[in-house]
*Asks:* 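I have a structure here, written as structure tokens, and I will follow up with some questions on it.
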Amino acid sequence: MSDRRPLLFFDSGVGGLSVLAPTTALLPRAPLVYVADSGGFPYGTKSETEIAARVPALLGRLAERYDPRLIVIACNTASTIALQHVRAALDLPIVGTVPAIKPAAAASRTRTIGVLGTAATVRQPYVDDLAARFAQDCTVLRHGSGRLVALAEAKLAGETVPLDAVSHELDGLFHQPGGERIDVIVNACTHFPLLEAEMRAVAPAGVAFVDGGPGIARRVAHLTQGQSWPEHLPPGHAVFTSHDPAHRRLAPTLATYGLSRLETL
Ligand code: DGL
């Protein structure tokens with residue numbers, strides 16, 4: 001008997017595609033549901049209370065509707081605030097996305113790393129905890145950027161990204177005291193790896209970028225080891241939680257990720 005239950009990826013917008021892509025590279029036969037909580041976008045400017053109330057309730061509804069075998073919260077903001085609440089509320093495996101501070105600290109030669117996330121993520125105690133556990137001998141500088149989130153959404157809708165705007169956001173890290181020593185940047189928002197080419201074009205030579213995507217892909221592959229997949233892969237669903245005709249502009253990009261059915265909740 002083949003198991004038709006999908007993997008469900010969840011983010012506020014298109015950022016989670018940076019987690020979906022390495023996962024489908026490892027698991028090409030996995031049926032997919034990708035949910036962008038467009039009705040709650042952006043998360044990075046919301047309060048902890050709002051995120052902690054919204055995300056578990058919405059994931060509960062989504063779990064009922066799509067019957068996933070596993071949920072990936074492909075959003076650092078939602079994971080660092082609400083992961084425990086979601087795990088407590090739902091009886092299925094939940095994989096979160098948290099800032100990749102551990103691999104960044106392992107790679108840094110200057111012992112100075114930059115954490116680039118949303119404003120909500122970079123102020124989380126979860127990040128203090130990761131820095132204390134895995135980067136205690138590093139200087140960990142942080143910067144919250146909502147602009148990069150908007151630029152990633154625009155890029156995937158087909159717009160050109162102005163490099164000076166990307167450069168200005170990176171200055172938020174490099175212009176802090178000691179920032180010139182940063183040699184590894186943690187993309188601690190899932191939208192940001194979607195702009196990695198633009199970031200590399202404007203960052204000082206030799207700066208490396210890390211994100212949680214590859215680690216999450218390995219974790220999902222491990223958790224689904226031995227499970228069966230459908231013989232014929234059904235078209236992936238891209239689900240939006242609000243109606244906006246502008247979402248149609250994302251259709252060509254979503255199709256390249258295997259998400260050819262667009263739905264609105
Ligand atoms: N992609 C999300 C993250 O990883 C948040 C973007 C937003 O809605 O502000 O944090």
Side-chain angles (χ1 to χ4, degrees), residues 8-23 34-56 58-59 71-86 94-101 104 114-127 130 142-157 161 165-166 169 172-173 185-196 198-199 209-217 219 238-242 244 246-247 250 253-254 257 259:
L8 190 149
F9 290 79
F10 176 80
D11 183 35
S12 59
V14 295
L17 295 173
S18 72
V19 178
L20 179 140
T23 308
Y34 182 89
V35 181
D37 182 13
S38 49
F41 177 88
Y43 280 2
T45 52
K46 293 203 161 37
S47 70
E48 283 72 0
T49 316
E50 285 173 280
I51 302 281
R54 182 176 183 92
V55 171
L58 183 52
L59 283 173
I71 291 178
V72 180
I73 305 182
C75 173
N76 289 261
T77 310
S79 299
T80 55
I81 295 171
L83 185 56
Q84 295 315 322
H85 305 293
V86 175
I94 311 292
V95 178
T97 308
V98 300
I101 289 177
V115 177
L116 196 57
T118 63
T121 295
V122 297
R123 67 171 181 253
Q124 291 313 309
Y126 205 120
V127 179
L130 289 172
R142 309 176 189 191
H143 179 62
S145 171
R147 178 88 172 108
L148 287 173
V149 174
L151 288 172
E153 291 280 332
K155 178 180 175 180
L156 269 60
V161 177
V166 175
E169 295 308 310
L173 282 175
I185 291 180
V186 181
N187 273 328
C189 168
T190 54
H191 279 75
F192 300 170
L194 302 171
L195 295 173
E196 203 171 301
E198 289 81 359
M199 290 198 215
F209 291 85
V210 298
D211 66 84
I216 291 164
R219 180 83 188 129
V239 183
F240 295 91
T241 63
S242 62
D244 182 345
H247 295 148
L250 292 166
T253 304
L254 292 168
Y257 287 85
L259 305 167

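Start at 1 and go down the list; that is how both ligands and their atoms are numbered.
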*Asks:* Quick check on side chain to side chain contact (heavy atoms under 4.5 Å, CB included): which of T118, N76, V14 does H191 satisfy it with?
*Replies:* V14

*Asks:* Number the atoms of ligand 1 from 1 as they appear, then name those within less than 4.0 Å of a heavy atom of V149, with their elements.
*Replies:* 6 (C), 7 (C)

*Asks:* Counting from 1, what ligand 1 atoms have a heavy atom of N76 closer than 4.0 Å?
*Replies:* 3 (C), 4 (O), 10 (O)

*Asks:* Got D11 and F9 here, is their nearest side-chain heavy-atom distance under 4.5 Å?
*Replies:* no

*Asks:* Indicate yes or no: does an N/O atom of T45 lie under 3.5 Å from an N/O atom of ligand 1?
*Replies:* no

*Asks:* With atoms numbered from 1 as shown, which atoms in ligand 1 lie under 4.0 angstrom from a non-hydrogen atom of D11?
*Replies:* 1 (N), 2 (C)

*Asks:* For T118, which part has a heavy atom under 4.0 Å from ligand 1: side chain, backbone, both, or neither?
*Replies:* side chain

*Asks:* What is the ring orientation for F240 with H247, classed by angle as parallel under 30°, tilted 30 to 60°, or perpendicular over 60°?
*Replies:* parallel

*Asks:* Using a strict cut-off of 4.0 Å, indicate which atoms of ligand 1 neighbour a heavy atom of G44.
*Replies:* 7 (C), 8 (O), 9 (O)

*Asks:* Just by distance, do the side chain of S145 and the backbone of E169 share a donor-acceptor pair under 3.5 Å?
*Replies:* no

*Asks:* Which of the numbered atoms in ligand 1 are below 4.0 angstrom from a heavy atom of S12?
*Replies:* 5 (C), 6 (C), 7 (C), 8 (O)

*Asks:* Under 4.0 Å from a heavy atom of T77: which atoms of ligand 1 are those, numbered in the order shown and with their elements?
*Replies:* 3 (C), 5 (C), 10 (O)

*Asks:* Within a radius of less than 6.0 Å around CZ of R123, do more than 12 heavy atoms belonging to other residues, nucleotides or ligands occur?
*Replies:* yes

*Asks:* What residue and heavy atom of the protein are closest to atom 1 (N) of ligand 1, and at what distance?
*Replies:* H191 ND1, 2.8 Å

*Asks:* Under the side-chain contact (heavy atoms from CB on, under 4.5 Å) criterion, do N187 and M199 qualify, and how do the steps go?
*Replies:* CA-CA 10 Å; N187 273 328; M199 290 198 215; 3.5 Å; yes

*Asks:* Heavy atoms, side chains only, cut-off 4.5 Å: are L116 and F209 in contact?
*Replies:* no

*Asks:* With the threshold set at under 4.0 angstrom, would you say C75 reaches ligand 1 through any of its heavy atoms?
*Replies:* yes

